[in-house]
Number of protein chains: 2
Amino acid sequence: MGNLAIEWLGNKVKILDQTKLPQQEVYLELSDHQSIASAITELKIRGAPAIGIVGAYAIALAALKIEAGSKGGFLEKLRGVIETIAATRPTARNLFAGIDRMEEVAQADNTIEQTKAALVGEAIKIHSEEVEADQKLSQMGAELIEDGFTILTHCNAGSLATAGYGTALGVIKRAEEQGKKIKVLATETRPLLQGARLTTWELKKANIPVTLITDSMAGYFMSRGEVSCVIVGADRIAANGDTANKIGTYSLAVLAKENGIPFYVAAPTTTIDLSLASGDEIPIEQRSPDEVTHIQRVGIAPEGVDAANPAFDVTPHRYITAIITERGIIKEPYGGELKEMVL
Amino acid sequence: MGNLAIEWLGNKVKILDQTKLPQQEVYLELSDHQSIASAITELKIRGAPAIGIVGAYAIALAALKIEAGSKGGFLEKLRGVIETIAATRPTARNLFAGIDRMEEVAQADNTIEQTKAALVGEAIKIHSEEVEADQKLSQMGAELIEDGFTILTHCNAGSLATAGYGTALGVIKRAEEQGKKIKVLATETRPLLQGARLTTWELKKANIPVTLITDSMAGYFMSRGEVSCVIVGADRIAANGDTANKIGTYSLAVLAKENGIPFYVAAPTTTIDLSLASGDEIPIEQRSPDEVTHIQRVGIAPEGVDAANPAFDVTPHRYITAIITERGIIKEPYGGELKEMVL
């Protein structure tokens, strides 16, 4: 599963179409930045670290095709590409972290040909660093997991979301590899069912026992003492530790606190955004109401009913027991340590 | 809409098949207790007050058909009928409250023919009392609703669930009739989508603005100050005020408390079960995992994945701001007042 979700083929990127899972395993080979931008918007590829990686590859692929008489002309054309990629999804920090790195490489004092090669190299480096970060943070996070734990997770923060080992699921897999007996409760994660479709699929492949529940059942199991800890991924972590993640994460954090259950966020440092003082500043993507009124294209509500569809919510840092990154596990107060970790 | 959900036709019961809504309005005429028992189990008719009513009608219909040489023989056959009805669904108190009343009538010192007539009369009385209770509790509850409120509700506690005006939705409708401008956030209520299918349908018919959200979005809107209060129905209320209601209710109550939002339970006194000291004793129905792994018969998860499906959860009384009944609105400490209200 290691590198299955994203593969660099030199002149295109191969991705597993996550909208088709678990029924079909369909791979797409994308050779231009427009098709990658569409794949991100349509969630064919998703998960904060994963879209950071393919966003960088999209810029590299576009750069290879740019014909310009001067470096200035090259950069101007690249700017348009970057704007397209940046406009795909607003919440995940990793996308913008990747874009920032690609821009810095583009701006360096090099010829056009050197710059093209450097951009490809940087995208590959972003990819390999995310894979390595997963390995490290999974190893560190696994120390928090005890034999016999039942772990609740939300959405999908596994290999599919990160191109590597996974973040929340990476921690779970590593703990299992250490010989600990683990059970997982996976929330289905409406509206787009990443938990039901992707997390159960990944855990079954890894032979880790998983029970699917609706999002509304998490409190039931927590209140009965049947959850040892909660681990989720993250899309953006503000400087104070406030964390944006898939809609429903905030509710799980409040329920965990109310029931005295540790609530962990597992994310690479590329998810941390020191430019935002708190979670209030994190932009929340509002997606189409059709995703709520329909499930896999079947209508579930009366025709024409209004629906809201915020794709993420923000969990204030006071609900988060620890943030697990590849550089260490940190706890309240987050402010100082997060800064130290990233800078 | 008043009596649409359940109609007594003398020798059969007419119900609106709620599994077909909102796509189709299909009415069923059921003339024997077995078909009513199946309709309850399959949720063609649902909602605690509603199944209390049809459960009583089922017993009356069966009684009319019993041929027995003695009252003892009659009662023995009736016992089998009552066992079938009692085995349909375990959680809703109203079903057992109705059964208890029917049993008491059956035991009275009357001839078989008199008993048959009395049983029909008692079922009709249960029906009309529930309709009346809805009206009264809606009127009382509406006093808690202010002009401009955005009310979050879960599952369906409207006309469909009660055969009358509704409980949670009754309060909302009454407030709107009083000229208050109300907006409703309706949770879809996985797994069976009673919010998406039924609550939106009822509110659209009543011309009350409604926005559909997934269950996981409730916390998001509460944390942003966009919810004025939460109102839900109930399936069983223990002597201390602990309340069983549709799975996900507990989570909403915890989130409401965390965000300083009033959380109201609206239910007729037939939902109160003084025989249970606390919610720990309320039996929770576990339904088929297929309802979680499939949505309207379409599979959403890998083949063979395990799933849990508790249909209800228990909200401890400390999270409940007030319980609205047809005999008054009560608050903590619930113990004494609940007892006084029922006895």
Side-chain angles (χ1 to χ4, degrees), chain A residues 21-23 154 185-191 193 195-197 200-201 203-204 209-223 246-255 257-259 284 289 292-293 295-296 298-310 312-314 316, chain B residues 21-23 154 185-191 193 195-197 200-201 203-204 209-223 246-255 257-259 284 289 292-293 295-296 298-310 312-314 316:
Chain A
L21 290 173
Q23 287 84 4
H154 187 53
L185 282 176
T187 55
E188 62 175 4
T189 318
R190 276 280 286 149
L193 299 166
R197 296 188 302 106
T200 57
W201 183 80
L203 290 171
K204 274 174 76 84
V210 57
T211 300
L212 176 65
I213 60 173
T214 66
D215 302 313
S216 59
M217 291 173 192
Y220 171 89
F221 288 103
M222 288 195 213
S223 71
K246 180 54 55 198
I247 189 76
T249 301
Y250 163 70
S251 300
L252 298 177
V254 169
L255 287 162
K257 191 180 182 208
E258 190 76 7
N259 288 285
I284 299 295
V292 172
T293 55
I295 297 182
Q296 307 206 338
V298 179
I300 59 160
E303 284 278 323
V305 77
D306 285 334
N309 191 12
F312 302 93
D313 58 25
V314 172
Chain B
L21 289 173
Q23 287 84 2
H154 187 54
L185 281 177
T187 55
E188 63 176 3
T189 318
R190 277 278 287 148
L193 299 165
R197 296 189 300 107
T200 57
W201 183 81
L203 289 171
K204 274 174 77 86
V210 58
T211 300
L212 176 65
I213 60 172
T214 65
D215 303 312
S216 59
M217 291 173 192
Y220 171 89
F221 288 102
M222 289 195 212
S223 70
K246 178 55 54 199
I247 189 77
T249 301
Y250 163 71
S251 300
L252 297 176
V254 170
L255 287 161
K257 192 180 182 210
E258 190 75 6
N259 287 285
I284 300 296
V292 172
T293 54
I295 297 181
Q296 305 206 340
V298 179
I300 58 160
E303 284 279 323
V305 77
D306 285 336
N309 191 11
F312 303 92
D313 59 26
V314 173

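We name chains A, B, ... by the order of the sequence lines, and we start the count at 1 in each one.
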Rounded at 0.5 Å granularity, tell me how far CZ in A/R190 sits from OG in A/S216. 11.5 Å
Taking B/R197 for the side chain and B/L21 for the main chain, is one N or O donor matched with an acceptor at less than 3.5 Å? yes
Looking at A/D313, A/I213, A/T200, which one has more heavy-atom pairs under 4.5 Å with chain B than the rest? A/T200
Do A/L212 and B/D306 have side chains that approach each other closer than 4.5 Å (heavy atoms only, starting at C-beta)? no
Out of A/L255, A/D215, A/I284, which one racks up the most heavy-atom pairs below 4.5 Å with chain B? A/L255
Can you check whether A/T249's main-chain N or O pairs, donor with acceptor, with A/S251's side chain at less than 3.5 Å? no
Highest number of heavy-atom pairs under 4.5 Å with chain B among A/M217, A/M222, A/E303 belongs to A/M217
Find the one option among A/P191, A/G219, A/P310 whose heavy-atom pairs under 4.5 Å with chain B are most numerous. A/P310
Interchain contact, A/I300 with chain B, by part (heavy-atom threshold 4.5 Å): both
So which part of A/Q23 gets closer than 4.5 Å to some heavy atom of chain B, the side chain, the backbone, both or neither? side chain
At a heavy-atom separation under 4.5 Å, does B/I247 approach chain A through its side chain, its backbone, both, or neither? both
Suppose we screen for side-chain contact (heavy atoms from CB on, under 4.5 Å). Which residues come up paired with B/P316, at least two apart in sequence or across chains? B/D242, B/Y250, B/R318, B/Y319
Under 4.5 Å heavy-atom distance to chain B, tell me which part of A/V298 shows up: side chain, backbone, both or neither. side chain
Under 4.5 Å heavy-atom distance to chain A, tell me which part of B/F221 shows up: side chain, backbone, both or neither. side chain
Among A/A307, A/P209, A/P289, which has the most heavy-atom pairs under 4.5 Å with chain B? A/A307
Got A/T189 and A/H154 here, is their nearest side-chain heavy-atom distance under 4.5 Å? yes
So, do B/T187 and B/T214 sit near enough that their side-chain heavy atoms are less than 4.5 Å apart? no
With a 4.5 angstrom heavy-atom cut-off, is it the side chain or the backbone of A/L252 that approaches chain B, or both, or neither? neither
Note: vs chain B, highest number of non-hydrogen pairs under 4.5 angstrom among A/V314, A/L185, A/V210 is A/V210
Side chain B/N309, main chain B/V292, donor-acceptor under 3.5 Å: no
Heavy-atom distance under 4.5 Å to chain A: side chain of B/P302, backbone, both or neither? both
Nearest 0.5 angstrom please: B/E258 CD to A/E258 CD, how far? 6.5 Å
